[in-house]
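Following: one structure in structure tokens, then a few remarks.
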Amino acid sequence: MLRNDIQRITGLTRKALEYYEEKGFIHPRRLENGYREYSEKDAEILNKIALFKKLGLTITEIKDCLKTDGATASIFLRRKEQELESDKKRKAVFDLYIKGEDTDLINEKLTVIEAEDSIYKRLERAFPGYLGQCLFAAYQPFLQEPLSKDGEEAFEKYIQYLDSLPTFELSREEQYYIDELSSSFNMQTLKDVNEAKIAAVENYEKWHNENKDTISIYDRYLNSDDYKTSPMKNIQDQLKTFLMDHHYYEVAIPLIRQFSKSYDHYYKKLTEASDYYLKQKGDAPQ
DNA sequence: TTTCTGACA
DNA sequence: TGTCAGAA
């Protein structure tokens, strides 16, 4: 196929085609007169590029999407969702500004949004794909409050801590497994699941009593060989080891508790809930 | 910086 | 066709 055919099929321009070629997406062979001859494969890739572009993905994101044949597309969907949420919040602040709201309040609100963005970026960097987004969804509800003076310091330290973390890497198979597993979850789902979890921890006694049956079924599953040999368990163990190796529980968690009152409250409740759970099971609390 | 566009040879 | 300056 010649350039004109491709342009007609994909709707991309000549310059765009050259650009994607330079970036190594396609490798059209050259005819004697120097014209490009595009293969079916090239056309297929360019069609996908055109589609992803319409969905608002950047070239880097498109590259990743193509590499894994769409399994990672949901990662970018969730990222876009988060970006849109952020924009929505900025718009709300803009409205406040137009209404003549106090500048200090405006700045405070913007700082909260920036803090959220900055944690999202760093979690995604340290924990690529689904895991980072999951971690973020877990923390996001606690990032909505303005920082106090010493909270600011703790926040900075937490950011530095995240920057110093190496990337948590899974094998290709594990990555694929988790991408596939999570491909139907959007950001809202993750957030909803977390809110349910927070609510359960807040009223752990009530929740525990109301869900006794489910809990015992889940307990049995956790003790089954099915679970113990599953890739999920393996990945969870790796993550746990990674976090322990990098002193996440000793360094990062206390920092978060310092800059987020609501997280601190949640943390205490979680500890109580876990003691309660162990007591109910008949074991001594650890 | 990224992702092209338009002019020109 | 490729190159280059530059726009958004």
Side-chain angles (χ1 to χ4, degrees), chain A residues 1-95 97-98 106-107 110-133 136 155-156 159-160 162-169 175 179 186-187:
Chain A
M1 267 182 286
L2 261 27
R3 204 197 69 207
N4 256 313
D5 303 313
I6 295 290
Q7 284 184 229
R8 190 167 31 77
I9 295 169
T10 62
L12 297 166
T13 62
R14 169 193 162 201
K15 289 301 181 187
L17 294 177
E18 285 174 1
Y19 182 70
Y20 300 141
E21 182 179 344
E22 191 201 314
K23 289 282 162 188
F25 285 98
I26 46 169
H27 308 281
R29 147 188 110 75
R30 292 313 178 97
L31 301 175
E32 292 199 349
N33 56 11
Y35 285 14
R36 290 169 174 80
E37 161 79 5
Y38 295 90
S39 66
E40 287 295 329
K41 175 94 185 150
D42 290 331
E44 197 184 305
I45 291 172
L46 289 167
N47 260 326
K48 281 190 185 166
I49 293 178
L51 172 72
F52 287 139
K53 243 173 65 79
K54 281 184 213 156
L55 292 173
L57 301 196
T58 67
I59 295 298
T60 329
E61 289 169 337
I62 292 173
K63 191 171 248 169
D64 284 348
C65 264
L66 290 172
K67 223 171 24 199
T68 53
D69 206 36
T72 37
S74 69
I75 292 171
F76 300 112
L77 175 70
R78 289 190 291 265
R79 185 181 298 162
K80 283 288 166 226
E81 232 181 313
Q82 181 52 35
E83 283 169 15
L84 290 175
E85 278 298 307
S86 253
D87 283 349
K88 213 162 108 186
K89 286 183 185 167
R90 272 181 238 276
K91 181 191 170 293
V93 177
F94 207 146
D95 286 342
Y97 175 77
I98 287 171
I106 302 272
N107 273 317
L110 286 175
T111 311
V112 170
I113 300 171
E114 274 162 26
E116 194 183 315
D117 281 354
S118 123
I119 289 195
Y120 179 80
K121 285 211 182 72
R122 284 169 170 85
L123 284 176
E124 249 215 276
R125 200 276 308 157
F127 306 92
Y130 176 67
L131 285 182
Q133 293 174 327
F136 175 74
F155 181 80
E156 279 309 314
I159 292 288
Q160 280 169 24
L162 288 179
D163 284 340
S164 73
L165 266 188
T167 302
F168 174 68
E169 291 189 79
Q175 192 64 56
D179 286 350
N186 59 28
M187 208 60 192

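Proteins get letters first, then strands, A, B, ... in listed order; numbering begins at 1 in each.
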- Return the set of residues passing ring pair (Phe, Tyr, Trp, His ring centres under 6.0 Å) with A:Tyr38 (not counting sequence neighbours), or none when no residue passes. none
- ring pair (Phe, Tyr, Trp, His ring centres under 6.0 Å) partners for A:Phe168, two or more places apart: A:Phe242
- Under a 4.0 Å heavy-atom cutoff, the residues of residues 78-91 of chain A touching DNA chain C are none
For [X], what residues pass the salt bridge (Lys or Arg N to Asp or Glu O under 4.0 Å) criterion, not counting sequence neighbours?
X: A:Lys54; result: none
X: A:Arg29; result: none
X: A:Glu81; result: none

Whether the side chain of [X] engages the backbone of [Y] through a donor-acceptor N/O pair (distance < 3.5 Å, no angle test) should be reported.
X: A:Arg125; Y: A:Leu165; answer: yes
X: A:Glu21; Y: A:Pro28; answer: no
X: A:Glu37; Y: A:Met1; answer: yes
X: A:Lys89; Y: A:Ile113; answer: no

- Task: Can you run down the salt bridge (charged side-chain N to carboxylate O under 4.0 Å, His left out) pairs that involve residues 2-11 of chain A, sequence neighbours left out, and say none if there aren't any?
- Result: A:Asp5-A:Arg8
- Query: For DNA chain C, which nucleotides open and close the run of contacts to chain A, 5' to 3', at under 4.0 angstrom from a non-hydrogen atom?
  - Reply: C:dT1 to C:dT3
- Contacts of A:Gln160 that satisfy side chain to side chain contact (heavy atoms under 4.5 Å, CB included) - sequence neighbours left out: none
- Of all residues at least two apart in sequence or in a different chain, which pass the side chain to side chain contact (heavy atoms under 4.5 Å, CB included) check with A:Lys41? A:Ser39, A:Ile45
- For chain A, the stretch of DNA chain B it reaches, first to last nucleotide, under 4.0 Å of its heavy atoms: B:dT3 to B:dA7
- Ordered by number, residues from residues 6-30 of chain A within less than 4.0 Å of DNA chain B (heavy atoms) are A:Thr13, A:Lys15, A:Ala16, A:Tyr19, A:Tyr20
